[in-house]
Amino acid sequence: MCGRYAASRGTEDLAKIFGIEKWDPEEILTPDYNVAPTKEVPVVLDRPLKGADAAAAGSSDAGRPVRQLRKLRWGLVPSWAKSPEGAARMINARAETVHEKPSYRRAFAARRCILPADGYYEWVTGPQERELEVEGRRKRPRKQPYFVTPADGSVLAMAGLYEFWRDRTLPDDHPQAWWVTCAVITTEAERTPLAVAPAEGPRSLYDIHPRMPLMLTPDRWDAWLDPTRTDVDDLRTLLEPPPPGLMRAYPVSTAVSNVRNNGPELLRELPAPEEGTLF
């Protein structure tokens with residue numbers, strides 16, 4: 001799954017990487033080394049400009065999808081939801097069922113995005129606990145945190161969905177009348193060896209956790225973000241996992257387990273798992 005990650009790149013860096021055409025200069029991106037559910041996170045999406053932005057762009061861009069960098073709330077609220085109370089639980093959508101689940105299928109067909117990250121955190125569980133997690137059952141608390149990141153230092157482009165939700169308790173002109181929320185798509189974790197594995201401990205992503213975020217390689221970015229592609233069977237071909245062996249993982253401090261801790265020191269690689277933790 002993906003329940004915590006790091007995103008330290010700034011606007012200019014992301015604009016160069018993804019070819020961003022539009023962003024709000026007032027939405028300042030500050031490094032976040034402990035991104036947790038319900039936080040506002042940077043998201044890349046393709047969408048036609050509207051209102052004043054469309055007028056400023058001129059008639060030549062009317063209706064054309066424009067690549068934008070936006071800040072959205074992590075935790076998807078379906079458009080039909082009566083309240084946003086369940087958003088904190090809607091942070092991940094499974095690639096195997098995203099096309100059919102009522103909460104995600106409309107967004108999958110029309111509102112796909114990319115959540116850029118440095119990498120994500122995952123906590124190793126013992127074999128018996130891992131079996132329970134695969135079955136969706138409760139388990140004991142996790143142990144040693146690991147940071148999983150592209151081995152070549154590139155951005156981790158996590159496939160995502162976004163959705164609009166209208167708060168009917170507020171007037172139309174209220175700045176919080178509309179919520180725009182997102183979720184990360186996950187897939188089965190790789191069982192092949194990591195590109196760079198820790199000296200001791202897990203040798204594959206599956207050894208760490210049975211699920212992983214769906215990483216999109218650059219050759220898939222345009223197709224994934226294209227809102228004119230709406231055929232579900234066609235879109236499902238984009239849910240194939242990336243080539244194996246692109247990721248590395250290493251143990252980090254258990255300080256990341258507390259969401260109040262936030263700083264680059266959370267990404268510091270430990271020479272070995274902390275004493276008293278698994279692996």
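What you are looking at is a predicted structure, and each value in this text was computed from that prediction instead of being measured.
Put simply, the side chain of Asn92 reaches to within 4.5 Å of the side chain of Cys2, judged on heavy atoms. Considering only heavy atoms from C-beta on, Pro242 comes within 4.5 Å of Met212 through its side chain. The shortest distance between side-chain heavy atoms of Arg229 and Asp234 falls below 4.5 Å. Contact annotation: the side chain of Pro145 never approaches that of Glu122 to less than 4.5 Å [non-hydrogen atoms, C-beta and beyond]. At least one side-chain heavy atom of Cys182 sits under 4.5 Å from a side-chain heavy atom of Leu115. Using a 4.5 Å heavy-atom threshold, the side chains of Tyr162 and Thr181 count as separate. Counting heavy atoms from C-beta outward, Val184 and Ile91 have side chains that stay 4.5 Å or more apart. Leu266 is listed as a side-chain neighbour of Asn34, based on a closest heavy-atom distance under 4.5 Å.
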Under the salt bridge (charged side-chain N to carboxylate O under 4.0 Å, His left out) rule, what do Lys22 and Asp46 come out as? Steps first, then yes or no, please. CA-CA 10 Å; Lys22 174 72 172 64; Asp46 284 6; over 6 Å; no
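Glu188 has no carboxylate O lying under 4.0 Å from a charged side-chain N of Arg211, or vice versa, which leaves the two without a salt bridge. A salt bridge links Glu21 with Arg64: the closest approach of a Lys/Arg side-chain nitrogen to an acidic carboxylate oxygen falls below 4.0 angstrom. Remark: Arg248 engages Glu269 in a salt bridge, criterion side-chain N to carboxylate O under 4.0 Å. Using a cutoff of 4.0 Å between basic side-chain nitrogens and carboxylate oxygens, Asp172 and Arg166 are scored as salt-bridged.
Rounded to the nearest 0.5 Å, atoms CD1 (Ile208) and CD (Glu190) are 10.5 Å apart. To the nearest 0.5 angstrom, Tyr104 atom OH is 14.0 Å from Arg111 atom CZ. The structure places CD of Gln176 at 10.0 Å from OG1 of Thr169, a figure rounded to the nearest 0.5 Å. Rounded to the nearest 0.5 angstrom, Ile114 CD1 and Leu45 CG are separated by 10.0 Å. Atom-to-atom distance recorded for Thr186:OG1 and Met215:CE is 16.0 Å, nearest 0.5 angstrom.
Relative orientation of the Trp123 and Tyr121 rings is tilted, given thresholds of 30° and 60° on the angle between their planes. Relative ring orientation between Phe18 and Trp221 is described as tilted, the plane-to-plane angle lying within the 30° to 60° band. The aromatic rings of Trp178 and Phe164 sit perpendicular to each other, their planes meeting at more than 60°, with 30° as the lower class boundary.
Between Tyr5 and Trp74, the distance from one ring center to the other falls under 6.0 angstrom.
A pairwise comparison of heavy atoms in Ser103 and Leu76 identifies O-CD2, 3.5 Å as the closest pair. The nearest pair of heavy atoms linking Arg4 to Asn258 is NH1-C, 4.4 Å. Counting all heavy atoms, side chain and backbone alike, Leu194 lies closest to Pro202 at CD1-O, 4.1 Å. For the residue pair Ala6 and Phe147, the shortest heavy atom distance occurs at CB-CE1, 4.0 Å. Contact between Leu239 and Ala95 at its shortest, heavy atoms only, is CD1-O, 3.4 Å. Heavy-atom minimum distance, Met158 versus Pro213: SD-CB, 3.7 Å.
Atom CD of Glu96 is surrounded by more than 12 heavy atoms from other residues, nucleotides or ligands within 6.0 Å. Within a 6.0 Å sphere centred on CD of Glu100, heavy atoms belonging to other residues, nucleotides or ligands number more than 12. In Arg268, the CZ atom is not crowded: 12 or fewer heavy atoms of neighbouring residues, nucleotides or ligands sit closer than 6.0 Å.
Side-chain heavy atoms closer than 4.5 Å link hydrophobic residues (I, L, V, M, F, W, Y) into clusters, and following such links, possibly through other members, connects Trp224 to Ile20. Using a 4.5 Å cut-off between side-chain heavy atoms of Ile, Leu, Val, Met, Phe, Trp and Tyr, with links allowed through other members, Leu267 and Leu270 fall into different hydrophobic clusters. Transitive grouping of hydrophobic side chains (ILVMFWY, heavy atoms separated by less than 4.5 Å) brings Val232 and Leu161 into a common cluster.
Side-chain contact check for Asp32 and Asn262: at least one donor-acceptor pair (N or O, by modelled atom type) lies under 3.5 Å. In the model, Asp118 has a side-chain atom that pairs as donor or acceptor with a side-chain atom of Ser8 under 3.5 Å.
Formation of a donor-acceptor pair under 3.5 Å by the Glu27 side chain with backbone atoms of Arg70 is not found in this model. No side-chain donor-acceptor contact under 3.5 Å links Asp226 to the backbone of Asp222. Proximity of a side-chain donor or acceptor of Gln144 to a complementary backbone N or O of Val252 within less than 3.5 Å is detected. Here the side chain of Arg220 pairs a donor or acceptor atom with the backbone of Glu240 at under 3.5 angstrom. Checked by atom type and distance alone, the side chain of Arg112 never pairs as donor or acceptor with a backbone atom of Leu235 at under 3.5 Å. Between the side chain of Asp13 and the backbone N or O of Gly10, no donor-acceptor pair lies under 3.5 Å.
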